[in-house]
> 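I have a structure here, written as structure tokens, and I will follow up with some questions on it.
None of these values were measured; they are calculated from a predicted model. For this chain, numbers begin at 1 and follow the sequence in order.
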Amino acid sequence: MNPNESWFCVGPGEHLRLCPQDYTCCSSQMEETLALQSERDYLKAVEDNSQFLLTTFTQRHRRFDEFFRELIDLSEKSMNQMFTKTYGRLFTQNAHVFQELFVELRRYYSGGSVSLAEVLSDFWSRLVERVFSLVNPQYQFSEDYLECVSKHAEQLQPFGDVPRKLRVQVSRAFIAARALSQALATGRDIVNKATKLTADSECVRGLMRQWYCPLCRGVPFLRPCHSLCLNVMKGCLANQADLGTEWNNFIDALYQVSEKLEGPFNMELATDSISVKVSEAIMHMQENSVSISTKVFQGCGNPRPAPGRSKRSPKESGSNRRPFRTYSPEEKPTTAAGTNLDRLVTELKERLRPMQGFWVSLPHTICNDEKMAADVTNEDRCWNGQTRGRYLPDVTGDGLVSQINNPEVEVDIARPDVRTRQLIMELRVATNKLRHAQTGQDMDFMDTLTNIYITGVKHVARRPNPARQRVQSGP
């Protein structure tokens, strides 16, 4: 309905329920129609002003999620290419060990109930068995013997300090990346839920009185006074304003985690380093294989010679091994990822700043629109709820409790909105996860991270696997 449309004034307005009854241009049906229109205008104003939030969270979540998944894919592809080139059949025959690592890393990032510490420990435990067999091809090792080798890994540290370094780097980056991605999805969902409003009868009364009662009074061009608009909006959006504190904490935590991803928790560097550090670890074990093998033989006993091979000392067997080697940076394949993470983080931080205080400031944002209310400087030439003139009541505070004396919208402060309380709890949980992620801690696996071995390698009980085959030792 066009507010500027000419109206036939019918005189006294005793029939009206919402607008002043002394003089009117509206019938009861017109008033009812305009009340419905005022509700639609209100809901559209909330939707329009929150669109920035919804678009940002939706788009940023999609872009970060695609980027993080691409990094994991590129890391696995890089390892496959370089290790195939470096180790040939020795790698391809044992490639499932590396494949399992990336399957679990993807599962963790996707929100699976996975402990990164356990994933990496499992990987190193299985890798030490493979590499130990490869550097001792003259022996045949049973499942029990390899389990003994795995048990000695904590004491022997066959890969040096590499497992610990990789665990720290990968865990911090993956925890931060997953927390950021999940938080962006949470932000999107909370905005969606918080803006799916219904206006109760008291809110609709206030909306009608400020926006369309001037029309019924015959002054359709008169906008509501700014303070009148604020009181109506603060009453209608009282519960949303109560999101303010937890929302600001959530945005702060998001900002801080995104900064971590730019620096010490860089996901790009972490995924890029996996193949490098694994290669360094294998090289370390190969270079120290004589002393490591001797200590294992002392602890686990002498293994059986492989069929068709003469028994040789570790030193002798090591001299004929195909040498492992690390690769130079020049050998690493270039990726499409480039330095996109820095750009993505910068763009996100720029969009997070305006989100601070959104819910508390929403009434002001709506009332600052010239189509919704008169300018704050136009205090004497605006609709004050009854007629043209200054609006005298004070503007109420923010949030549900502050509406106890709201002169425009009667709010039951003893009945908080259940949905809003649920959203507050969701924000607290998301913020807590983000704050833990800032220190490299995963809330779901705090105990595991606390108790992980200092080396990053520990014995892992064997899981039944009928497809598990005897370790290939190569030609």
Side-chain angles (χ1 to χ4, degrees), residues 1-50 194-241 362-363 365-374 381-389 391-393 395-396 400 403 405-413 415 417-420:
M1 184 173 295
N2 185 355
N4 297 329
E5 184 179 340
S6 298
W7 292 86
F8 176 71
C9 295
V10 298
E14 293 89 350
H15 55 283
L16 300 182
R17 296 184 304 105
L18 305 176
C19 293
Q21 297 182 338
D22 47 356
Y23 179 82
T24 187
C25 302
C26 292
S27 64
S28 296
Q29 184 178 358
M30 290 176 184
E31 185 186 45
E32 184 177 342
T33 299
L34 290 173
L36 293 174
Q37 182 61 44
S38 69
E39 181 178 6
R40 287 192 290 268
D41 292 345
Y42 160 69
L43 297 178
K44 186 175 187 304
V46 173
E47 180 182 354
D48 289 348
N49 283 284
S50 61
T195 55
K196 292 294 185 292
L197 304 177
T198 55
D200 62 28
S201 60
E202 289 300 321
C203 173
V204 172
R205 176 185 294 274
L207 295 170
M208 173 64 187
R209 286 169 63 86
Q210 72 163 350
W211 281 337
Y212 287 110
C213 284
L215 186 150
C216 289
R217 193 63 183 272
V219 284
F221 296 104
L222 206 57
R223 295 284 177 248
C225 296
H226 194 265
S227 295
L228 168 63
C229 178
L230 285 178
N231 275 337
V232 172
M233 289 302 162
K234 288 191 176 195
C236 290
L237 295 169
N239 283 287
Q240 281 65 33
L362 184 56
T365 304
I366 294 174
C367 294
N368 285 340
D369 186 338
E370 63 179 8
K371 296 191 295 293
M372 298 296 180
R381 299 184 301 279
C382 56
W383 174 258
N384 63 15
Q386 296 292 329
T387 186
R388 174 175 176 167
Y391 181 76
L392 298 179
V395 176
T396 62
L400 184 64
Q403 306 313 307
N405 293 316
N406 190 315
E408 304 303 329
V409 180
E410 185 175 336
V411 180
D412 186 354
I413 65 170
R415 297 182 60 187
D417 179 60
V418 174
R419 185 177 62 172
T420 302

> Go through Cys213 and Trp383 one step at a time and tell me if the side chain to side chain contact (heavy atoms under 4.5 Å, CB included) criterion holds.
CA-CA 9 Å; Cys213 284; Trp383 174 258; 3.9 Å; yes
> Which distance, rounded to the nearest 0.5 Å, do you find between the CG of Leu237 and the OG1 of Thr365?
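Reported value, rounded in 0.5 Å steps: 10.5 Å.
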> Quick one about Thr396 and Gln403 (side-chain donor to acceptor, distance below 3.5 Å, no hydrogens or angles considered), yes or no?
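Gln403 vs Thr396: donor-acceptor pair found between side chains.
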> Suppose we screen for salt bridge (Lys or Arg N to Asp or Glu O under 4.0 Å). Which residues come up paired with Asp412, at least two apart in sequence or across chains?
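Salt bridge (Lys or Arg N to Asp or Glu O under 4.0 Å) list for Asp412, sorted by chain: empty.
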> How far apart are the C-alpha atoms of Gln37 and Tyr212, what are their side-chain angles, what is the distance that settles it, and do they pass the side chain to side chain contact (heavy atoms under 4.5 Å, CB included) test?
CA-CA 9 Å; Gln37 182 61 44; Tyr212 287 110; 3.3 Å; yes
> For the residue pair Val204 and Ser38, what are the closest heavy atoms and their distance?
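It is O-OG, 4.1 Å.
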> Which value, rounded to the nearest 0.5 Å, describes the distance between Asn384 atom CG and Tyr391 atom OH?
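Nearest 0.5 Å value for the CG-OH distance: 9.0 Å.
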> Carefully, step by step, assess Met372 and Cys367 under the rule side chain to side chain contact (heavy atoms under 4.5 Å, CB included).
CA-CA 6 Å; Met372 298 296 180; Cys367 294; 5.8 Å; no
> In terms of SG positions, are Cys216 and Cys19 separated by less than 2.5 Å?
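With an SG-SG separation of 2.5 Å or more, Cys216 and Cys19 do not form a disulfide.
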> Any chance you could measure Ile366, atom CD1, to Met233, atom CE, to the nearest 0.5 Å?
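Reported to 0.5 Å precision, the distance equals 5.0 Å.
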> Side-chain contact test, heavy atoms from C-beta onward, threshold under 4.5 Å: evaluate it for Asn368 versus His226 and give yes or no.
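Sidechains of His226 and Asn368: in contact.
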> On a heavy-atom basis, which atom in Arg223 and which in Ala374 lie closest, and how many Å separate them?
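Between these two residues, the closest heavy atoms are CB-N, 3.5 Å.
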> Indicate the atoms forming the closest heavy-atom contact of Pro214 with Arg209, along with that distance.
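The pair with the smallest heavy-atom distance is CD-O, 3.9 Å.
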> Evaluate the side chain to side chain contact (heavy atoms under 4.5 Å, CB included) criterion for residues Leu228 and Glu408: first the C-alpha distance (whole Å), next the side-chain angles of each, then the deciding distance (0.1 Å), finally the verdict.
CA-CA 8 Å; Leu228 168 63; Glu408 304 303 329; 3.3 Å; yes
> Is any side-chain heavy atom of Val219 less than 4.5 Å from a side-chain heavy atom of Arg388?
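Side-chain contact under 4.5 Å: no.
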> Do you know the tightest heavy-atom contact between Asn406 and Asn231?
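Shortest heavy-atom contact: ND2-O, 2.8 Å.
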> For Trp211 versus Tyr42, what's the shortest heavy-atom pair and its separation?
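Scanning both residues completely, I find the closest heavy atoms to be CZ3-N, 3.7 Å.
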> Nearest 0.5 Å, please: how far is OG1 in Thr198 from CG in Leu43?
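Here the interatomic distance stands at 8.0 Å.
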> Would you list the pairs meeting salt bridge (Lys or Arg N to Asp or Glu O under 4.0 Å) in which at least one residue belongs to residues 36-46, sequence neighbours left out?
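Sorted result for residues 36-46: Lys44-Asp48.
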> If you compare all heavy atoms of Leu222 against all heavy atoms of Arg381, which two are closest, and at what distance to 0.1 Å?
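Closest heavy-atom pair between Leu222 and Arg381: CD1-O, 3.8 Å.
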> Rounded to the nearest 0.5 Å, what separation is found between the CZ atom of Arg205 and the SG atom of Cys203?
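Answer for the CZ-SG pair, Arg205 versus Cys203, is 12.0 Å.
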